[in-house]
S.K.: 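Just dropping this structure here.
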Amino acid sequence: MDYNNLAELLFPHITRDPEDYEKIYPERKLPPGAKVTRLGPSPTGFIHLGNLYGAFVDERLAHQSDGVFYLRIEDTDDKRQVEGAVEAIISSLEFFGVTFDEGAALEGDKGDYGPYYQSQRAEIYQTYVKQLVQRGQAYPCFCTEEELTAIREEQERLKENPGYYGKWARHRNLTLEEIQNRMEQKMPFVIRLRSQGTHDCPEEDVRMISVEDGIRGTLTMPENDQDVVLLKANGIPTYHFAHVVDDHLMRTTHVVRGAEWLPSLPIHVELFRTLGWPLPVYCHTAQLMKMEDGNKRKLSKRKDPELSLDYYRSEGYHPKAVREYLLTILNSNYEEWRLENPDSPQEAFDFTVEKMSNSGTLFDLDKLNDISKDVLVKIPADELSEFLINWAKTYRPELIDLFAEQKEYLIKILDLGRQGDKPRKDFIFARQMFEFISYFYDDYFKTEDVYPENVSDEDAKTILSSYLESYDHRDDQVQWFDKIREIASANGYAAKPKDYKKNPELYKGHVGDVSTVIRIALMGRAMSPDIWEIQQILGEETTRDRIQKRLAAQK
RNA sequence: GGCCCCAUGGUCAAGCGGUCAAGACACCGCCCUUUCACGGCGGUAACCCGGGUUCGAUUCCCGGUGGGGUCACCA
């Protein structure tokens, strides 16, 4: 059969040569060792932690090597388009500190290797498919969905491998006339690869391929034998073909993707070879897992909405904290490095694919929270206040006035107990932060705890009225506490906890119980930072007011 | 089911032929302390099983088992 005729029949509108594109997209001029990476999300608008995890790898590899990190939108599936998804992806990633040098962007594509939307690259793909047809390496297939299903069922019945290959590839050798006939009848068709892989042979004769994975080392697997679809009936390529053409033409050096792509690697290898192009370095990352019913499983977009990036945004996790956490699970030596370099920026860490884990990592919220505490404690209070206000803008608008109108007040609150060698690490994420400091705001002040058991209501009253009587807002911390001790002694509570521990029978309790009573009156809870410091922020009026109200409520 | 990947405490993980098998989170105890946190000290807890190779296997090989992934005109 004359493949040139076939190619013309199939693609009369394609006039360019592959060589033209090689010229349009020349090799990049970059310093030696520079890596070119990319993120290729499909625009469903849903990004989860796993995507961010992978994006970090891309970002680090590129930027650590003075390379290029670009964004390519893989919108080859028209059923998966979601309005505004690209904007959501970009802004979401930007929030977490992932920025692109090139590719799809809010203000339009940037860079010389575009277009960066696969849906706009149809001609490019078709040019290469046309070439493959000319060489007899691809062919049209008119099989309907029903026929394909029938083939699969037959294969299942015979316990043979499913798929379109070898003897099952029934349109592999149609004659030109047969093809012409079907085209005249307007039968829809796809273009398939004519795979050169071995099949229908004894197991030991199957040829193997081996690929050096950046993370996993040498991978060995049977070569591809499937006549995979290259171009769908609508003329748009499948992922496999788009990946190979784009990553070649965009001069990607490192393809970072999840391990779920491992099984299709042979397809990509065959495509690269057939097209005569060098393989990029594949880096197959471990999947982020989730524990369910005692078993790990891959994070799923549909089932795990709480792992969407939006979840962390709405809870108010700081982007730095999320990055820090991801970095610790991404590179096993990161935590150690962080211990030794507590104040270095994250970018100073030398990220390597070799140190990446290749088994599935369970997402650990406890760990994220712990890391978040360490990260937040290093952020100055004024910056933290900005963060909190920004968070409130989107997620708690009713709080904005509260925060923004008294910003100095907020900063003081956030700075409470955070100086010195052993700063408090109370803050984890914005929602929790507000919960923690809510008693500073009258509208959100509420009494949650009750007095200690060993303090009678009578004593509590006495303690509070004595406190109110002796209260002097100008007292320093020592003076203030001496007064508390006096109140304790006067009412039968040990002034020093140690005395109480030695002779518990001599006292009703100790000074800690007394201050707890005051805490509950002032803060509504038994746990809080230093009372004196809080009072200084609250101001004399509010302090007296709360004690008085508590006293009144008890009558 | 075929193919592929993975396998060290509850979790994340160092290890890369000889170690009392690091460390972090979580948990427990003690100390510090006016509460809580922070901090300090200490503790419980692991090499999936079976064969090899070797003087010696957590480490190398093979086979099981277990877990995960994937088998689309989705990515």
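Everything quoted here is computed from the prediction, not taken from an experiment. Below, chains carry the letters A, B, ... as their sequence lines are ordered, and counting in each starts from 1.
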S.K.: With a 4.0 Å limit, can you tell me whether A/Thr76 has a side-chain N or O closer than that to the phosphate oxygens OP1/OP2 of B/rA75?
M.R.: yes
S.K.: Check whether A/Tyr164 forms a cation-pi arrangement with A/Arg192 (NZ or CZ under 6.0 Å from the six-membered ring centre, at most 45° off the ring normal).
M.R.: yes
S.K.: When the nearest nucleotide of RNA chain B is assigned to A/Asn161 and to A/Asp426 on a heavy-atom basis, which residue is associated with the more 5' position?
M.R.: A/Asn161
S.K.: Do A/Leu174 and A/Tyr139 make a side-chain contact, defined as non-hydrogen atoms from C-beta onward lying under 4.5 Å apart?
M.R.: no
S.K.: A/Leu158 CG to B/rG1 P: how many Å, rounded?
M.R.: 19 Å
S.K.: Could you please name the option among B/rU35, B/rG69, B/rG39 that lies closest to any side-chain atom of A/Met527?
M.R.: B/rU35
S.K.: Counting side-chain heavy atoms from CB outward, which of B/rC73, B/rU70, B/rA72 is closest to A/Arg152?
M.R.: B/rA72
S.K.: Identify whether the distance between the nearest side-chain nitrogen and carboxylate oxygen of A/Lys355 and A/Glu336 falls below 4.0 Å.
M.R.: no
S.K.: How does protein contact run along nucleotides 22-34 of chain B, one letter per nucleotide 5' to 3', with B for base contact, S for sugar-phosphate only, - for none, heavy atoms under 4.0 Å?
M.R.: --BSS-----SBB
S.K.: Looking at side-chain heavy atoms only, is the closest gap between A/Ser344 and A/Trp337 below 4.5 Å?
M.R.: yes
S.K.: Might you confirm whether atom NZ of A/Lys412 has over 12 heavy atoms from other residues, nucleotides or ligands at distances under 6.0 Å?
M.R.: no
S.K.: Can you check the distance between B/rC48 and B/rU11, where both ends of the measurement are the P atom (answer in whole Å)?
M.R.: 13 Å
S.K.: Would you mind reading off the distance between A/Asn333 atom CG and B/rA13 atom C1', rounded to a whole angstrom?
M.R.: 11 Å
S.K.: Give me the distance, rounded to whole Å, that separates B/rC30 from B/rG66 when you measure between the P atoms they each carry.
M.R.: 44 Å
S.K.: May I have the distance from A/Leu193 (atom CG) to B/rA72 (atom P), rounded to whole angstrom?
M.R.: 16 Å
S.K.: Measuring only between side-chain heavy atoms, which start at C-beta, is A/Leu416 closer than 4.5 Å to A/Phe440?
M.R.: yes
S.K.: Have a look at A/Lys483 and say if it touches a base, only the backbone sugar-phosphate, or nothing, with a 4.0 Å heavy-atom cut-off.
M.R.: nothing
S.K.: When you match A/Val190 and A/Ala526 each to their closest nucleotide on RNA chain B, which lands nearer the 5' end?
M.R.: A/Ala526
S.K.: Could you tell me whether the phosphate oxygens of B/rU35, OP1 or OP2, come under 4.0 Å of any side-chain nitrogen or oxygen in A/Ser528?
M.R.: no
S.K.: Do A/Glu160 and A/Lys167 sit within salt-bridge range, that is, some charged N less than 4.0 Å from a carboxylate O?
M.R.: yes
S.K.: Can you check the A/Asn369 CG to B/rC12 P distance for me, whole Å?
M.R.: 17 Å
S.K.: Any side-chain heavy atom of A/Glu324 within less than 4.5 Å of one from A/Asp374?
M.R.: no
S.K.: CG of A/Asp415 versus P of B/rC38: gap in Å, rounded?
M.R.: 18 Å
S.K.: Give the dot-bracket string for RNA chain B, reading 5' to 3', where a pair is Watson-Crick or G-U wobble with both distances under 3.5 Å, ( ) marks pairs inside the strand, [ ] marks pairs crossing earlier ones, | marks a partner on another strand, and . marks unpaired.
M.R.: ((((((((.[[[..)..(....]]].(((((.......)))))....[[[[[..)....]]]]])))))))....
S.K.: Would you say A/Lys483 has more than 12 foreign heavy atoms packed within less than 6.0 Å of its NZ?
M.R.: yes
S.K.: Checking all strands, does A/Ser357 fall into the base, sugar-phosphate, or nothing category for heavy-atom contacts under 4.0 angstrom?
M.R.: sugar-phosphate
S.K.: Using the 3.5 Å cut-off, write out each protein N or O paired with an N or O of nucleotides 5-8 of chain B and the distance between them.
M.R.:
residue: B/rC5; atom: O2'; partner: A/Arg216; partner atom: NH1; Å: 2.6

S.K.: Would you measure the distance from the P atom in B/rC31 across to the matching atom in B/rC36 and give it in whole Å?
M.R.: 13 Å
S.K.: Say you pick atom C1' in B/rC4 and the same atom in B/rA45; how far apart are they, in whole Å?
M.R.: 33 Å
S.K.: Whole-Å distance between B/rU35 C1' and A/Ile463 CD1?
M.R.: 14 Å
S.K.: Between B/rC73 and B/rG64, how many Å separate the two C1' atoms, rounded to a whole number?
M.R.: 40 Å
S.K.: Can A/Glu154 and A/Arg157 be counted as an ion pair, charged N to O under 4.0 angstrom?
M.R.: yes
